[in-house]
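Just below is one structure, and these are the notes that go with it.
Every heavy atom of this structure was used, including side-chain atoms; hydrogens, water molecules and symmetry mates were not. Quick note on labels: first sequence line is chain A, next is B, and so on, each numbered from 1.
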Number of protein chains: 4
Amino acid sequence: MSTAGKPTAKAEARAQAQRERILVAAQKCFVVHGFHAASMANIADTAGMSAGLIYRYFKGKNDIILAIIERQLEEARADVAKLHATSDLVAGIAEVFQQWQANDPNITSAALFLELTAEATRDPEIAAATHASDKVFRADLAAWFERSSKDGGLGVPKQEVDTRVLMLQCLIEGLAMRAISQPDLSVAQVKTALERFLPSLLSAQV
Amino acid sequence: MSTAGKPTAKAEARAQAQRERILVAAQKCFVVHGFHAASMANIADTAGMSAGLIYRYFKGKNDIILAIIERQLEEARADVAKLHATSDLVAGIAEVFQQWQANDPNITSAALFLELTAEATRDPEIAAATHASDKVFRADLAAWFERSSKDGGLGVPKQEVDTRVLMLQCLIEGLAMRAISQPDLSVAQVKTALERFLPSLLSAQV
Amino acid sequence: MSTAGKPTAKAEARAQAQRERILVAAQKCFVVHGFHAASMANIADTAGMSAGLIYRYFKGKNDIILAIIERQLEEARADVAKLHATSDLVAGIAEVFQQWQANDPNITSAALFLELTAEATRDPEIAAATHASDKVFRADLAAWFERSSKDGGLGVPKQEVDTRVLMLQCLIEGLAMRAISQPDLSVAQVKTALERFLPSLLSAQV
Amino acid sequence: MSTAGKPTAKAEARAQAQRERILVAAQKCFVVHGFHAASMANIADTAGMSAGLIYRYFKGKNDIILAIIERQLEEARADVAKLHATSDLVAGIAEVFQQWQANDPNITSAALFLELTAEATRDPEIAAATHASDKVFRADLAAWFERSSKDGGLGVPKQEVDTRVLMLQCLIEGLAMRAISQPDLSVAQVKTALERFLPSLLSAQV
DNA sequence: TATGAATGAGCCTTCATTCAT
DNA sequence: TATGAATGAAGGCTCATTCAT
């Protein structure tokens, strides 16, 4: 009985690793084929395991998506946290745009982002997850905007925060669509635009 | 043989009407169920015809989507034309946002818009159609921005046009995502934001 | 429009024929493999059609069973009606027993009968159908028992009817099990037993 | 090597206990879910062991069923033995009926009984086991019927024994079906019927 | 032109069974 | 002896597409 803890911990670690393996494979497949077109067999192949095994770690295809949404939120929050440090929002957003345009597999693809959002329109579970995730992310942004500059924030006047956050999100998410719809849009152009209009969103003045 | 001309003309008109009927039905179905989840039987039902008949007018499901993208472009161009007249961009965009949020079936749904854009990432035909469509639309916007105000334009300095168009598109398309991800976002908030930041995009000054 | 009726009638006739074809095939498969072990592909093969087509006529596997239960009731009621005429219950029951023992494919097999009854323990829909069917059949039997002999009945005293019907059903259904569990039981033995004990169930006296 | 005997004996005892544990769990699962619907994982859970371990004690699912049939025979024989003692067959049968109707898990459920019997139609091994088991049980009953009343039997005339046993089995097994198909059948009704017709089966007179 | 019956491939999921540990 | 992760083979079902009528 005294040794019961160790095997369990080991097993749980392995289980977590498997879940991760599946999520990575699934994300890859979803990006390539789309959520509905990607088959479980597809994911299993990509993950290098049998299809049946996936069901030991996830309740079903929908469960996988839900987990991916959570991952996305974490990534996004981490990105925001990084921005605090650099404080160079223009460069940061431009880089994300570039990654989106290049379909960089290391970050959540723009296409998957759009597809998940669209899916929220139909699947209640995905809707709930998306909305909750979005709320948290917005709160993060708002806190950063509101915090004084000496605390690493932007010192945006309180009554302006919501409006600014809204605009910033539109801008970023709009760039996700641009990255797909306008493949010849250069990063330079994006940077130019951001340098021209971002300051008014971040300024401490009204 | 001498009468072959007239029936053909008539037939072609009918064919065009049938195509339209199918497209309308398909768009309705895609909005409700999503592109992949909407079945041909579904579309046929909605169009009030048999499933088999659709294949006389479209090569397949993908063909329908391609046609719908073209329709979207036409709608979007018409919207821009309307904006020229009203010139009240804030109200116009806010209304579109409201329709998106309400999932108004009379307008291309935000979800379908996102879904199609995402699909452009995978299907080369859809990509081509999307990119071409986007290019035309951007040109329309640019022309409007550049045209002098006495010609119904905005008189934006030439070197600023691309940047401004880009930002405006990000804003609008970003609102499409907001309409889905942030269901409690009020139109009033959107209007406030637009009134605050849109002017700088439309102003004739640098 | 005036010709709309005829094709529909024809189509409906064909649809009914298809349903019948499927039911016959399904019954065959269920008898051979059992309800759970028989696959839809199996049934489709036996019916000489594709698996997918079955779903045009039945909602699913369960739906088929439900239809079969209804068929069984009709057969059983028809059998009772025949008994009225012949009035030779011993011979009638003995024949059914023989058919059960021979696994005669023209009548509901004893095994399928047992399996369906067992399934009623788990599937609420099957339970409902089984109970309803049983009730109707019991009512038929009771009416026959109670009706006076000049009306083709048995003239069993009213207060005895339920008890007698119960015993008769136990006897018959018990024979279904005997037909399976005791393959060397001869029809002669069954007849002997029936002649010995059935009269007390059918007699008009208390 | 000199110590090989004792551990083996111990081991065999343990093995027997494990088999028993599995059988009890399996029976429970089969009663609840049915033979085909009960999964090995289910049984393993109920038995409080891993799925893989079951295969050390049974060749497979079918093997378990075979063992369960043997158990049933033993139970049934024990029941008959009890009847000798009480000699109140009406009460005994009524009680079994009640347990069947209540789906009492302490007794072989009526549904499982039917399911097994039906399965005998398909699986030769199960058929063999069922037939053998049934034969032994019938012999037990026959012996009891034939034995003189001073020896705890019923003293039924020899030439009548087979017929009476057959009828009694039909009655009991018929009640198994009634317990399922006629859920509103009261125990009182059953008792009334048994009191009315059982005596003629058990009487020492012809 | 129009129908809708029919097909067949493919999807998600389950589960008995095996095997490395 | 015991575990439970892993497999692989079905199974039920859906649906785009074809074709006889």
**Asked** With both distances under 3.5 angstrom, what nucleotide forms a Watson-Crick or G-U wobble pair with E:dG8?
**Response** F:dC15
**Prompt:** Rounding to a whole Å, what distance do you find between C:Arg56:CZ and E:dT3:P?
**Reply:** 14 Å
**Asked** Whole-Å distance between E:dC11 P and A:Lys61 NZ?
**Response** 9 Å
**Request:** Could you check B:Asn42 against C:Asn62 and say which one's nearest nucleotide on DNA chain F is further toward the 5' end?
**Result:** C:Asn62
**Message:** OP1 or OP2 of E:dT17 versus the side-chain N and O atoms of D:Tyr55: is any pair under 4.0 Å?
**Reply:** yes
**Prompt:** With both distances under 3.5 Å as the test, what is the Watson-Crick or G-U wobble partner of E:dA20?
**Reply:** F:dT3
**Prompt:** Rounded to whole angstrom units, what separation is found between the CD1 atom of C:Ile43 and the P atom of F:dG12?
**Reply:** 8 Å
**Request:** Send over the distance from A:Ile64 CD1 to E:dC12 C1', rounded to a whole Å.
**Result:** 11 Å
**Complete:** Result for 5'-nearest mapping on DNA chain E, choosing between B:Ala15 and A:Gly52, is B:Ala15
**Asked** Rounded to the nearest Å, what distance is computed from the NZ atom of residue A:Lys10 to the C1' atom of nucleotide F:dG4?
**Response** 15 Å
**Item:** Backbone of C:Phe35 reached by a side-chain donor or acceptor of C:Lys61 within 3.5 Å
**Value:** yes
**Item:** SB check B:Arg71 B:Glu20 (cutoff 4.0 Å)
**Value:** yes
**Item:** Side-chain donor or acceptor of C:His131 paired with backbone N/O of C:Ile126 under 3.5 Å
**Value:** no
**Asked** So which one's nearest nucleotide on DNA chain E is more toward 5', A:Leu53 or C:Tyr57?
**Response** C:Tyr57
**Asked** If only side-chain N and O atoms of B:Arg14 are considered, is one of them under 4.0 Å from the OP1 or OP2 phosphate oxygen of E:dA2?
**Response** yes
**Fill in**
Rounded to whole Å, the NE2-C1' distance (A:His36 to F:dA16) equals 16 Å
**Item:** For atom NZ of B:Lys59 and atom P of F:dT18, their distance in whole Å
**Value:** 10 Å
**Message:** Has A:Lys59 got a side-chain atom pairing as donor or acceptor with A:Ile64's backbone, closer than 3.5 angstrom?
**Reply:** no
**Request:** Please state whether the phosphate of F:dT3, meaning OP1 or OP2, lies under 4.0 angstrom from any side-chain nitrogen or oxygen of D:Ser50.
**Result:** yes
**Request:** Pick base, sugar-phosphate or nothing for D:Ala38, based on heavy-atom distances below 4.0 Å to the nucleic acid.
**Result:** sugar-phosphate
**Asked** Is the closest basic N to carboxylate O distance between D:Arg122 and C:Glu115 below 4.0 Å?
**Response** yes
**Request:** Starting at atom CD1 of D:Ile54, determine the distance to atom C1' of E:dC15, rounded to an integer number of angstrom.
**Result:** 13 Å
